[in-house]
Amino acid sequence: MTDSIMSKAATMEIPINSNGDTRTLGEDDGLEQDLQQVMVSGPNLNETSIVSGGYGGTAEGIIPTSSIKGPAVRYNAEFLGNRHIPVDGQGSSMHHSSSSSMMAEEATRGVAVEKFDMMKKWGLNTYKCTKQLISERFGRGSRTVDLELEAQIEVLRDTKKKYENVLRLARALTNHFYSMVQTQHALGDTFADLSQKSPELRDEFGYNAETQKLLCKNGETLLGAINFFVSSINTLVNKTMEDTLMTIKMYENARLEFDAYRSDLEELNMGPRDAVTMARIDTAQQQYQIQKEKYERLRSDVTIKLKFLEENKVKVMHKQLLLFHNAISAYFAGNQQQLEQTLKQFNIKLKPPGADKPSWLEEQ
């Protein structure tokens with residue numbers, strides 16, 4: 001009889017999917033449902049069973065663990081020969097311990113499910129965006145384009161490159177001019193020393209020493225103006241423009257996500273209209289609306305920032321270019337009074353000689 005049962009069991013068809021039917025799930029929907037079922041419907045300790053006996057034992061040897069609670073401890077005490085064992089206290093303690101462990105297990109399982117959902121959403125989003133990006137690169141996919149905004153972004157990127165070049169050249173001028181000022185300072189000291197040690201050339205060395213010292217003083221004043229110019233250009237390029245470009249990068253990522261979900265919705269609308277597909281279309285429609293709102297919000301942010309950046313750029317550069325022109329002209333014209341007046345006009349204060357803190361030249 002046992003052989004007959006085993007032979008019959010061997011010929012039975014066992015469905016391998018989770019529901020016992022032979023239908024085929026869709027590509028994305030089947031994967032998501034199977035993974036979700038694995039994470040959510042994990043093992044429940046209250047529904048497991050303990051099998052007493054070996055393989056192929058009878059049903060009478062199966063003891064549901066849901067029935068093993070406090071009374072099971074009393075049963076075990078009676079089975080041990082009615083020995084005097086305090087049952088109620090220990091049974092309550094074991095029940096409390098079991099409840100605590102089950103609560104901890106449920107909390108751990110909830111965290112795992114939450115992390116899995118996050119990873120699943122991130123994976124699906126990355127897949128859709130990568131697919132959209134490849135389609136755009138190979139000319140097979142469509143992309144949303146705002147021609148006016150794209151032109152403004154391109155102008156900003158080109159402007160930033162040119163301003164970076166101005167900043168690089170201004171820093172080079174500062175370094176070279178600083179070296180010249182230091183050389184003039186050393187030359188003036190040498191002329192002054194030779195004036196003391198050469199009586200026959202005292203006057204000649206003397207007025208050359210005075211000239212170099214005057215040039216050195218005016219050079220330090222000009223360096224203060226150029227340094228202020230460099231600092232302002234650096235703030236404009238590496239902070240103000242960079243902040244706008246970061247917002248533009250977020251906008252471009254939102255545009256890619258928006259087009260990815262838009263293409264996904266269009267593909268679903270072109271397919272069959274069964275119950276499963278309609279549910280997927282509803283979900284895709286919701287995601288599409290979320291991405292559309294995000295895209296439009298960031299597009300508005302970029303437009304506003306580009307407008308403010310242009311106004312700020314004109315204001316800053318008008319002041320800095322005027323400062324640079326007046327300082328350079330006054331220095332090379334030898335007009336010390338006009339040079340000092342230029343620094344006062346733009347509220348530029350030089351470090352007084354003999355200060356303990358290093359000068360801005362030393363901080364370069």
(message) Going by the rule ring pair (Phe, Tyr, Trp, His ring centres under 6.0 Å), which residues pair with Tyr251 if we only count those two or more places apart in sequence or in a different chain?
(response) Tyr295

(request) Sequence neighbours left out, what passes side chain to side chain donor-acceptor pair (under 3.5 Å) with Glu164? Give chain and number order. (result) Lys160

(message) Under the rule for salt bridge (charged side-chain N to carboxylate O under 4.0 Å, His left out), what residues qualify as partners of Lys161, not counting sequence neighbours?
(response) none

(request) Report whether Tyr178 and Leu214 are members of the same hydrophobic cluster (ILVMFWY, side-chain heavy atoms less than 4.5 Å apart, transitive linking). (result) no

(request) Specify the closest pair of heavy atoms between Ala209 and Gly188, including all atoms of both residues, with the distance to one decimal. (result) CB-O, 3.6 Å

(message) Among residues at least two apart in sequence or on other chains, which ones pass side chain to side chain donor-acceptor pair (under 3.5 Å) with Asp282?
(response) none

(message) Any carboxylate oxygen within less than 4.0 angstrom of a Lys/Arg side-chain nitrogen, looking at Lys239 and Asp243?
(response) no

(message) With a 4.5 Å cut-off on side-chain heavy atoms, are Met317 and Leu236 touching?
(response) yes

(request) Return the set of residues passing side chain to side chain donor-acceptor pair (under 3.5 Å) with Asn335 (not counting sequence neighbours), or none when no residue passes. (result) Gln338

(request) Determine whether more than 12 heavy atoms belonging to other residues, nucleotides or ligands lie under 6.0 Å from atom CE of Met278. (result) yes

(message) For Thr244, give me all partners under side chain to side chain donor-acceptor pair (under 3.5 Å), at least two apart in sequence or on another chain.
(response) none

(request) Give the other cluster members for Leu194, using side-chain heavy-atom distances under 4.5 Å between Ile, Leu, Val, Met, Phe, Trp and Tyr residues; answer none if it is isolated. (result) Leu187, Phe191, Leu201, Phe205

Just distance, no hydrogens or angles: give the donor-acceptor pairs under 3.5 Å from side chains in residues 320-330, sequence neighbours left out.
from: Gln320; atom 1: NE2; to: Ser232; atom 2: OG; distance (Å): 3.1
from: Asn326; atom 1: ND2; to: Leu322; atom 2: O; distance (Å): 3.4
from: Ser329; atom 1: OG; to: His325; atom 2: O; distance (Å): 2.8

(request) Give a yes or no on whether Ile248 and Val155 share a hydrophobic cluster (residues Ile, Leu, Val, Met, Phe, Trp, Tyr; joining criterion: side-chain heavy atoms under 4.5 Å apart). (result) no

(message) Under 3.5 Å, is there a donor on one side chain and an acceptor on the other for Asp193 and Thr190?
(response) no

(request) Might you point out which heavy atoms bring Arg202 and Ser195 nearest each other, and give the distance in Å? (result) O-OG, 3.0 Å

(request) State which residues pass ring pair (Phe, Tyr, Trp, His ring centres under 6.0 Å) with Phe177; sequence neighbours excluded, sorted by chain then number. (result) Tyr331

(request) Start with the C-alpha gap between Leu343 and Lys349, add the side-chain angles, then the distance that decides, and say whether side-chain contact (heavy atoms from CB on, under 4.5 Å) holds. (result) CA-CA 7 Å; Leu343 267 67; Lys349 296 182 180 180; over 6 Å; no

(request) Share the residues that join Phe308 in a hydrophobic cluster, the rule being Ile, Leu, Val, Met, Phe, Trp or Tyr side chains under 4.5 Å apart at the heavy-atom level. (result) Ile304

(request) Identify the two heavy atoms, one from Ala225 and one from Ile348, that lie closest to each other, and give their separation to 0.1 Å. (result) CA-CD1, 4.2 Å

(message) If you count heavy atoms of other groups shown closer than 6.0 angstrom to CE of Met180, is the number above 12?
(response) yes

(message) I need the minimum non-hydrogen distance between Ala170 and Val230, along with the two atoms involved.
(response) CB-CG2, 3.7 Å

(request) Could you tell me which non-hydrogen atom of Leu268 sits nearest to which non-hydrogen atom of Arg280, and how far apart they are? (result) CD1-O, 3.8 Å

(request) Just grab all the salt bridge (Lys or Arg N to Asp or Glu O under 4.0 Å) pairs involving residues 311-333, residues at least two apart or on different chains. (result) Glu310-Lys313

(message) I need the minimum non-hydrogen distance between Leu339 and Leu222, along with the two atoms involved.
(response) CD2-N, 4.3 Å

(request) Examine Leu215 and Leu223 and state if one hydrophobic cluster contains both, with Ile, Leu, Val, Met, Phe, Trp and Tyr joined whenever side-chain heavy atoms are less than 4.5 Å apart. (result) no

(message) Assess whether a salt bridge exists between Lys305 and Asp301, defined as any Lys/Arg side-chain N lying under 4.0 Å from an Asp/Glu carboxylate O.
(response) no

(request) Taking salt bridge (charged side-chain N to carboxylate O under 4.0 Å, His left out) as the test, write out the residues that go with Lys294, two or more places apart. (result) Glu257

